[in-house]
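We use all heavy atoms of the structure for the numbers below, so side chains are in, but hydrogens, waters and symmetry mates are not. In what follows, chains are A, B, ... by sequence order, proteins preceding strands, each numbered from 1.
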Amino acid sequence: MPELPEVETVRRSLARELAGRRIVGVREIGWPRTIAAPSPDELCLALCNRVIEGVDRRAKYLLIRLDNAETLAVHLRMTGQMLVVPADVPSDKHTHVIVTLDDGRELRFHDTRKFGRWWLLNAEGLAALESKLGHEPLESGFTVEALREGLRGRRTKIKPLLLDQSIVAGIGNIYADEALWLAQIHPLRTADSLNEAELVALHAGIVAALDQGVTRRGTTLVNYRDANGEGGENQHFLNAYGHTGDPCPRCGTPIERLIVGQRSTHICPVCQVF
DNA sequence: CATTACCTGCAA
DNA sequence: TTGCAGGTAATG
């Protein structure tokens, strides 16, 4: 579910609610596999009485900074939600971790499909995570040159490469389709077949698609919510993703759906010629 | 490369 | 009942 714009929206809302809060304890871990490392017991001990200094994001990871130089890294995967609610709000069977805060509220991890994961990382663990991730596409280091370098020598299809987090970090299935539609590039084109103008257009398409997603506070198709339970609005502004059969907003040709790299993919067959 | 696994819910 | 879903890791 959540890609960069959704995770960034969660980050902003979480930061507002959590910055400066002290963790009283971990009240419940209903699905222990959520805690990837260390063990659930160790996590409870480590979080108790820690103060949350801030919430950052890297790629699709939320990074909750603690006052002992450790970081709670959270990946929402498909259906994860990080919700901050008063302790008396009832929780349902999909709430898998409950952290109690010093203001009478709780941080709750809600995750229908149970794919989301938490890791408690020290500086070394964070460095290991960082080493696997490519450019942050909304930061100044993500230039056309950086994209060209990331794709250099790759003879595989461009769409799976956009989903490869070690090249550009944070793009998922929705924004990959949107970026390619904006750039008017067919998802089956190989990276090494793109000319300079197409690379420039792809770079601009990635930035524009993600930037619009952040501005609209994310795309809520089904599950995505921010820390306050609010959905986003970007679902009303998608051009290609999920629009099979609808007219292309640019040329009117019906949007087509195909499978690329085992992922559902949406294109305008006229604007995005192979 | 592709396939399978991890999970649940929902629509066809 | 089957297939599909915004993600990723592991395995042929």
Side-chain angles (χ1 to χ4, degrees), chain A residues 1-11 29-37 57-62 73-82 91-97 109-119 128-134 137 153-181 187-192 206 209-210 212-214 216-226 230-245 257-266:
Chain A
M1 142 205 172
E3 308 180 29
L4 185 153
E6 291 73 40
V7 180
E8 175 60 19
T9 305
V10 173
R11 181 196 73 73
I29 299 182
W31 184 255
R33 297 179 67 166
T34 298
I35 313 303
R57 178 189 59 75
R58 176 69 171 100
K60 300 174 192 171
Y61 293 85
L62 291 163
V74 174
H75 198 300
L76 305 173
R77 294 281 173 90
M78 296 288 267
T79 57
Q81 301 175 356
M82 293 284 276
S91 62
D92 68 14
K93 64 174 177 176
H94 300 303
T95 300
H96 304 311
V97 185
F109 186 63
H110 185 281
D111 186 17
T112 304
R113 291 179 68 180
K114 300 178 174 171
F115 291 165
R117 292 292 180 266
W118 289 23
W119 298 260
L129 178 63
E130 174 64 33
S131 72
K132 297 175 187 168
L133 297 170
R154 303 298 294 260
R155 283 184 276 186
T156 45
K157 304 173 186 78
I158 187 63
K159 176 163 174 184
L161 290 173
L162 292 182
L163 297 175
D164 182 337
Q165 303 298 298
S166 73
I167 303 174
V168 182
I171 304 173
N173 208 34
I174 295 177
Y175 295 97
D177 281 5
E178 293 300 303
L180 290 167
W181 182 87
L188 292 174
R189 293 279 305 281
T190 60
D192 66 349
I206 291 168
L210 295 172
Q212 177 185 270
V214 172
R216 303 288 182 197
R217 308 188 74 259
T219 302
T220 297
L221 298 181
V222 180
N223 287 290
Y224 157 67
R225 304 273 134 165
D226 74 6
E230 306 254 340
E233 294 300 327
N234 196 236
Q235 63 276 15
H236 304 304
F237 299 86
L238 298 175
N239 293 297
Y241 184 89
H243 281 279
T244 311
R257 179 180 179 274
L258 61 157
I259 301 295
V260 179
Q262 289 75 242
R263 304 301 300 278
S264 177
T265 300
H266 309 77

Taking the six-membered ring where the residue is Trp, are the ring centres of Y241(A) and H266(A) under 6.0 Å apart?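 They qualify: ring centres under 6.0 Å apart.
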Side chain of [X] - closest among [options]:
{"X": "S264(A)", "options": "dT3(B), dC7(B), dA5(C)", "result": "dA5(C)"}
{"X": "H75(A)", "options": "dC6(B), dA5(C), dG7(C)", "result": "dG7(C)"}
{"X": "F115(A)", "options": "dG6(C), dC4(C), dC6(B)", "result": "dC6(B)"}

Identified side chain to side chain contact (heavy atoms under 4.5 Å, CB included) counterpart of Y224(A) within the set T219(A), V10(A), V7(A):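 Running side chain to side chain contact (heavy atoms under 4.5 Å, CB included) over T219(A), V10(A), V7(A) with Y224(A) returns exactly one hit, V10(A).
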Could you tell me how far dC1(B) sits from dA5(C) if I compare only their C1' atoms? Round to whole Å.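 Looking at atom C1' only, dA5(C) and dC1(B) are 23 Å apart.
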With distance as the sole criterion, is a donor-acceptor pair present between the side chains of E6(A) and Y175(A) under 3.5 Å?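 There is such a pair between these side chains.
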What contact category does [X] fall into here, base, sugar-phosphate, or nothing, at under 4.0 angstrom with non-hydrogen atoms?
{"X": "T219(A)", "value": "base"}
{"X": "I174(A)", "value": "sugar-phosphate"}
{"X": "D111(A)", "value": "nothing"}

For dG6(C), give the paired nucleotide (Watson-Crick: N1-N3 plus N6-O4 or O6-N4; G-U: N1-O2 and O6-N3; both under 3.5 Å), or none.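 Its partner is none (no Watson-Crick or G-U wobble pair with both distances under 3.5 Å).
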Any strand: nucleotide that pairs with dC7(B) via Watson-Crick or wobble, under 3.5 Å: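 The base-pairing partner of dC7(B), which may sit in any strand shown, does not exist here.
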Using OP1 and OP2 only, check whether a side-chain N or O of K93(A) sits under 4.0 Å from dG9(B).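 Yes, such a contact exists.
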Given dG6(C), is OP1 or OP2 found less than 4.0 Å from the side-chain N or O atoms of Y175(A)?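 No, Y175(A) has no side-chain N/O under 4.0 Å of OP1/OP2 on dG6(C).
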Measure from OH on Y224(A) to C1' on dG9(B) and round the result to the nearest Å.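 Distance check: Y224(A) OH to dG9(B) C1' gives 21 Å.
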